Number of protein chains: 2
Amino acid sequence: MVGKVSERREALRQTLVEVAESMVAHEGLSALRARDVAKEAGCALGAIYLHFPDMDALAAAVNARTLQRLEGEVAEAFEAAQARDNPKRALATLGTTYAQFVWENPKLWSAIFELGFRQGEAAEPPQSPEHFRLLAAIVAPLRALLPDGDPAVIEAHARALFSAVHGIVSLSQQRRFMAVERDQVAGEISFIVNAFCDGVSASK
Amino acid sequence: MVGKVSERREALRQTLVEVAESMVAHEGLSALRARDVAKEAGCALGAIYLHFPDMDALAAAVNARTLQRLEGEVAEAFEAAQARDNPKRALATLGTTYAQFVWENPKLWSAIFELGFRQGEAAEPPQSPEHFRLLAAIVAPLRALLPDGDPAVIEAHARALFSAVHGIVSLSQQRRFMAVERDQVAGEISFIVNAFCDGVSASK
DNA sequence: ACCAGATATTGAACGACGTTCATATTTATA
DNA sequence: TATAAATATGAACGTCGTTCAATATCTGGT
């Protein structure tokens, strides 16, 4: 009728992910219900399971999209801010862009970790192009600060720096534990990034 | 029969929390089932709701215990490592002790954030004695590094430093996103703590 | 010691959920 | 068009958290 079978199959898969993404973005991961998704996507309840083994897999598809957007946006802003002679400033952009993304997409971002906790440890590290792009964007200015550094060490530092920024943003957004006040986040991120850079330079 | 009513009431409440804690510690928060708790605690299903408004409240009681233990242990190791003339070393102990607690109690620790995500933003900041003790333990060496610093700024730095360590440990334990490899965590925590301290000193 | 009235406890029943699978429908092939 | 294969359906199932009418227990006045 409307097209080839494989096309309609793929179209429904896309629709399911988009519907699910909208629900997670507006109501949170816990509001992602199979019956609601089916109704909104205009298919039968069981049809979801022709495209995804279970609801967690659908949620994972939503999370993969979010992660790609996040990594893409951060890497982009990061690269745009690359002043060749100012790696500190470039790295500070990492933090503020990450924080901004989290504030603009709090429930999509939460869903990534909510599902992660539910599924325990990840079996394999992320391997998307966006992920490598983001990692490379952090490694580049670190290499400028530490020209003779072991690449493996520099990558470990890059991961640690990103994780540190993630920790500040994460606890602040949840307002739990040892959270930094919201209006102090940007300042503290700059502070820690600058100190980190100075530490990198000094260890050379 | 066995004692006054109020005593038995309180005893059952304790039993419920202990049973729930054991379940979360061994099987994770998602394995905390009302019927299992009731059976294990030797009470009726409905009896749980005489002590807690819902299962999330029982989980929250477990989490409060975990958080107290965590904050207590970290603060203790932290204070024990206080070499008056070596605030860097003292602060590095913060990170390693936190990481060790997470590795020894992965599911109890996960439950704190799993429930947190489920319940959205916290309404009020934590106020337990252990929390203030931990905060004070971090503030003290920072004040040594920054004797004339504004107390509010120092507290913000303390929260940011803890959050940064939390981010490194958290992503590493989940093995997700930009996780630091497990055997590099201690080194990266030391690195970031040292750089942070140098940054604090330099900003004076 | 007895017995109401108050209080505490029980567990069957309810509704919502993810998931399954016998059935119905649509599509591809001859 | 006839027939087999592939695809979609949604009622039904089992498992949750939660409720509440029914039951058991306790308490204080006689």
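As the structure is a computational prediction, the values presented were derived from the model and not from experiment. Here is how names work: the chains are called A, B, and so on, in the same order as the sequence lines, proteins then strands, and each is numbered from 1.
Distance alone, capped at 3.5 Å, is enough to place a donor-acceptor pair between the Ser172(A) side chain and the Val180(A) backbone. Between the Arg159(B) side chain and the Ala179(A) main chain, a donor and an acceptor come within less than 3.5 Å of each other.
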Below 3.5 Å between N/O atoms, which protein atoms pair up with nucleotides 20-23 of chain C? Just atom names and distances, please.
none

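Summarising the geometry, the separation between CZ on Arg118(A) and C1' on dC17(C) is reported as 12 Å, rounded to the nearest angstrom. Taking atom CZ of Arg35(B) as the reference point, atom C1' of dG14(D) lies 11 Å away to the nearest angstrom. For Leu115(A) and dG18(C), the CG to P distance is 14 Å, given to the nearest whole Å. In this structure, Met55(A) places its CE atom 16 Å from C1' of dC16(D), rounding to the nearest Å. Note: CG (Leu16(A)) to P (dA8(D)) measures 11 Å, nearest angstrom. Between the P atom of dA8(C) and the CG atom of Leu50(B) lies a distance of 9 Å, rounded to the nearest Å. Rounded to an integer number of Å, the gap from NZ of Lys39(A) to P of dT9(D) is 15 Å. Atom CG in Leu58(B) sits about 16 Å away from atom P in dC16(D), given to the nearest Å.
With sequence neighbours excluded, the residues forming a ring pair (Phe, Tyr, Trp, His ring centres under 6.0 Å) with Phe113(B) are Trp109(B), His166(B), listed by chain and number.
For Cys43(A), the side-chain atoms get nearest to dT9(D) when compared with the rest of dG18(C), dT10(C), dT9(D).
A salt bridge links Glu121(A) with Arg182(B); the closest basic N to acidic carboxylate O contact falls under 4.0 Å. Between Arg133(B) and Glu71(B) there is no salt bridge, since no side-chain nitrogen of the basic residue lies less than 4.0 Å from a carboxylate oxygen of the acidic one.
Here Phe196(B) and Phe196(A) keep their ring centres 6.0 angstrom or further from each other.
Contacts of Leu32(A) with the nucleic acid, taken as non-hydrogen atoms under 4.0 Å apart, involve only primed sugar atoms and P, OP1 or OP2.
Judged by atom type and distance alone, Arg33(A) does not reach the base of dG18(C) through any side-chain donor-acceptor pair under 3.5 Å.
For the pairing with Leu134(A), the side-chain contact (heavy atoms from CB on, under 4.5 Å) check across Tyr98(A), Phe78(A), Phe162(A) returns one residue only, Phe162(A).
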